[in-house]
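Have a look at the structure below, then the notes.
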Amino acid sequence: MLFQRIAAILISLLAFTSALHAQTEAFGKLRALQSITSQEAPKEVGVGVFIDQITFVDQQAENFGVVGTLFLQVDYPELAFDPEEHGAEYKVYSAEDFAEAILETETFPPYFIFRNQQGRRFTQQSTIVVSATGTTHYAERFTATFQAPHFNFRRYPFDKQVFFVEVSSLLPSEFVEFYPLEEKTGMGDLLGEEEWILANPSIAASTVAGIGERDTSMVALRFTGKRHVQYYMLRIMLPLVIILFVTWATFFLEEYRRRIDMASANLLVFVAFNFAISTMLPKLGYLTFMDSLLAGMFVITGSTVLVNIMLRRMKTTGREALARKIDTYLVIWVYPILHGIFLFWAVKFFLI
């Protein structure tokens with residue numbers, strides 16, 4: 001009986017302690033919120049993003065992976081200290097210790113999010129260094145996947161894409177104002193991405209709609225990428241040109257039956273080639289330059305089978321002279337001009 005009473009008293013004390021701790025934490029957050037609403041000018045926060053690696057570029061999902069470092073710089077006079085008394089010019093905090101120190105000063109940390117982040121962000125390591133004057137430097141090495149909604153593949157494989165890493169404040173612009181740290185922004189020399197040539201990093205600040213549609217400050221790292229065109233020229237363009245020349249060469253055979261056999265076999269080769277490279281092409285709701293080439297050349301290659309069947313039919317019905325005349329025009333004029341017109345249209349419509 002006595003043991004049960006003691007246990008009940010201990011449970012009551014633990015519940016009271018937990019409730020008191022929760023109330024104290026809530027009161028601290030309330031005081032921090034009051035300090036936010038009472039400040040006269042927005043707190044300026046410097047933002048820099050340095051990309052060390054591009055782990056992947058997924059064209060179909062329109063996203064890309066990044067291993068990089070995020071830098072934040074902000075002044076907290078409340079955290080200033082005497083370096084002689086402390087024995088060092090800097091104080092180093094963990095994220096938890098810094099949050100407690102900020103809470104005691106009744107101010108707020110520079111809350112941020114990666115605006116175009118997909119999924120969770122893995123933080124490899126982070127550190128917070130505060131100088132004697134209160135200038136705070138935050139550095140975080142992270143791995144994350146970012147959305148790339150600005151991709152446009154109409155000119156594929158001669159397209160040039162724009163990539164963004166967007167860092168946005170969680171608080172409205174009247175409380176926090178982000179500005180770019182250009183000296184801490186850039187890209188490494190060994191990004192690890194072989195398909196794309198990535199370059200031209202630049203960073204700029206802007207204002208976007210945040211939570212509750214209130215204006216929020218944002219800093220975005222922008223860089224561009226283009227493909228290694230030599231790969232596509234050798235693996236796609238060159239085989240396609242060879243298939244077209246073989247199709248054209250069938251017109252020089254005098255026997256129409258052999259023409260039909262070779263044109264049909266060449267059409268099957270084209271179908272197999274199309275299936276082989278289909279996994280390389282992005283699945284989109286609109287045509288790209290490569291899609292138009294493959295579709296147009298497939299139609300022209302398929303039409304040669306029908307034309308040779310027609311010429312064979314004319315020969316068997318006693319109109320061989322007319323068939324030979326039509327054949328001459330096909331070899332010299334129609335087939336080359338048809339390809340030239342189609343190629344001119346594709347280049348003008350998609351690339352120019």
Side-chain angles (χ1 to χ4, degrees), residues 44-74 90 92-99 109-131 135-152 159-170 176 178-206 208 217-231 282:
E44 294 187 351
V45 179
V47 179
V49 180
F50 190 90
I51 296 179
D52 298 302
Q53 299 175 31
I54 299 294
T55 56
F56 67 89
V57 177
D58 192 334
Q59 300 175 121
Q60 298 181 6
E62 294 193 359
N63 57 28
F64 61 99
V66 167
V67 177
T69 306
L70 171 69
F71 298 96
L72 298 178
Q73 178 178 313
V74 57
Y90 298 94
V92 180
Y93 290 88
S94 65
E96 294 77 10
D97 295 338
F98 182 75
Y111 300 110
F112 70 91
I113 59 170
F114 284 100
R115 190 177 181 88
N116 60 330
Q117 175 185 326
Q118 290 186 338
R120 300 186 62 181
R121 181 175 82 254
F122 175 68
T123 301
Q124 299 178 5
Q125 190 175 7
S126 64
T127 182
I128 300 174
V129 178
V130 180
S131 66
T135 301
T136 302
H137 299 270
Y138 174 78
E140 173 192 314
R141 183 171 173 84
F142 64 89
T143 301
T145 299
F146 295 98
Q147 184 186 17
H150 304 285
F151 280 177
N152 190 322
D159 52 328
K160 184 177 181 181
Q161 303 299 341
V162 180
F163 300 76
F164 286 94
V165 177
E166 301 170 338
V167 184
S168 175
S169 171
L170 281 176
V176 176
F178 281 2
Y179 67 91
L181 296 175
E182 306 221 353
E183 68 278 7
K184 294 185 177 181
T185 297
M187 303 175 68
D189 296 328
L190 299 174
L191 296 176
E193 175 55 48
E194 298 297 334
E195 182 180 356
W196 294 82
I197 303 173
L198 303 172
N200 304 320
S202 62
I203 191 168
S206 61
V208 296
S217 183
M218 183 184 75
V219 167
L221 169 65
R222 177 185 184 274
F223 58 96
T224 60
K226 60 181 181 179
R227 304 173 193 273
H228 292 279
V229 181
Q230 297 90 339
Y231 172 84

In Å and rounded to the nearest 0.5 Å, what is the OG1 to CZ distance from Thr55 to Phe64?
9.5 Å

Applying side-chain hydrogen bond (donor to acceptor under 3.5 Å, both in side chains), name anything that partners Glu140, two or more places apart in sequence or on another chain.
Arg121, Thr123, Tyr138

dist Leu221:CG -> Phe223:CZ (nearest 0.5 Å) comes out at 6.0 Å

Rounded to the nearest 0.5 Å, the CZ atom of Phe112 sits from the OG atom of Ser169 at a distance of 10.5 Å

Indicate yes or no: at least one non-hydrogen side-chain atom of Phe146 is less than 4.5 angstrom from one of Phe163.
no

Sorted by chain and number, sequence neighbours left out, ring pair (Phe, Tyr, Trp, His ring centres under 6.0 Å) with Phe164 holds for His150

Closest non-hydrogen contact found for Ala205 with Val219 is CB-CG2, 4.1 Å

Kindly say whether Gly46 contributes a backbone atom to a donor-acceptor pair with the side chain of Glu44 at under 3.5 angstrom?
no

Mind checking whether Leu170 and Ile113 have side chains closer than 4.5 Å, heavy atoms only?
yes

Residues passing the side-chain hydrogen bond (donor to acceptor under 3.5 Å, both in side chains) test with Thr185, sequence neighbours excluded, are none

Taking only residues two or more places apart in sequence or in another chain, which ones pass side-chain hydrogen bond (donor to acceptor under 3.5 Å, both in side chains) with Thr127?
none

Show every donor-acceptor pair shorter than 3.5 Å between a side-chain atom in residues 191-198 and any protein atom, with sequence neighbours excluded, or say none if there are none.
from, atom 1, to, atom 2, distance (Å)
Glu193, OE2, Glu195, N, 3.1
Glu195, OE2, Arg227, NH1, 3.2
Glu195, OE2, Tyr232, OH, 2.9

Give the C-alpha distance, both sets of side-chain angles, the deciding distance and a yes or no for side chain to side chain contact (heavy atoms under 4.5 Å, CB included) between Phe71 and Val49.
CA-CA 6 Å; Phe71 298 96; Val49 180; over 6 Å; no

Decide whether Thr143 and Gln124 meet the rule of one side-chain donor and one side-chain acceptor closer than 3.5 Å.
yes

Name all pairs fulfilling the salt bridge (Lys or Arg N to Asp or Glu O under 4.0 Å) condition that reach into residues 179-188, sequence neighbours left out, sorted by first residue then second.
none

Of all residues at least two apart in sequence or in a different chain, which pass the side-chain contact (heavy atoms from CB on, under 4.5 Å) check with Ala204?
none

Are the aromatic rings of Phe122 and Phe142 close, with centres under 6.0 Å apart?
no

The criterion is side-chain contact (heavy atoms from CB on, under 4.5 Å); which residues satisfy it with Ala61, sequence neighbours excluded?
Asp58, Asn63

How long is the gap from CG on Leu70 to CG on Leu181, to the nearest 0.5 Å?
9.5 Å

Glu166: partners by salt bridge (charged side-chain N to carboxylate O under 4.0 Å, His left out), with sequence neighbours left out:
none

Please identify each residue that fulfils side-chain contact (heavy atoms from CB on, under 4.5 Å) with Ser217, with sequence neighbours left out.
Ser173, Glu177, Phe178

Taking side-chain hydrogen bond (donor to acceptor under 3.5 Å, both in side chains) as the definition, give me every residue that meets it alongside Thr224, ordered by chain and number, with sequence neighbours left out.
Asn200

Between CG of Leu190 and CD1 of Ile54, what distance do you get to the nearest 0.5 Å?
13.0 Å

Who are the salt bridge (charged side-chain N to carboxylate O under 4.0 Å, His left out) partners of Arg141, not counting sequence neighbours?
Asp52

Distance in Å, Asn116 CG paired with Gln118 CD, rounded so as to fall on 0.5 Å steps:
8.0 Å

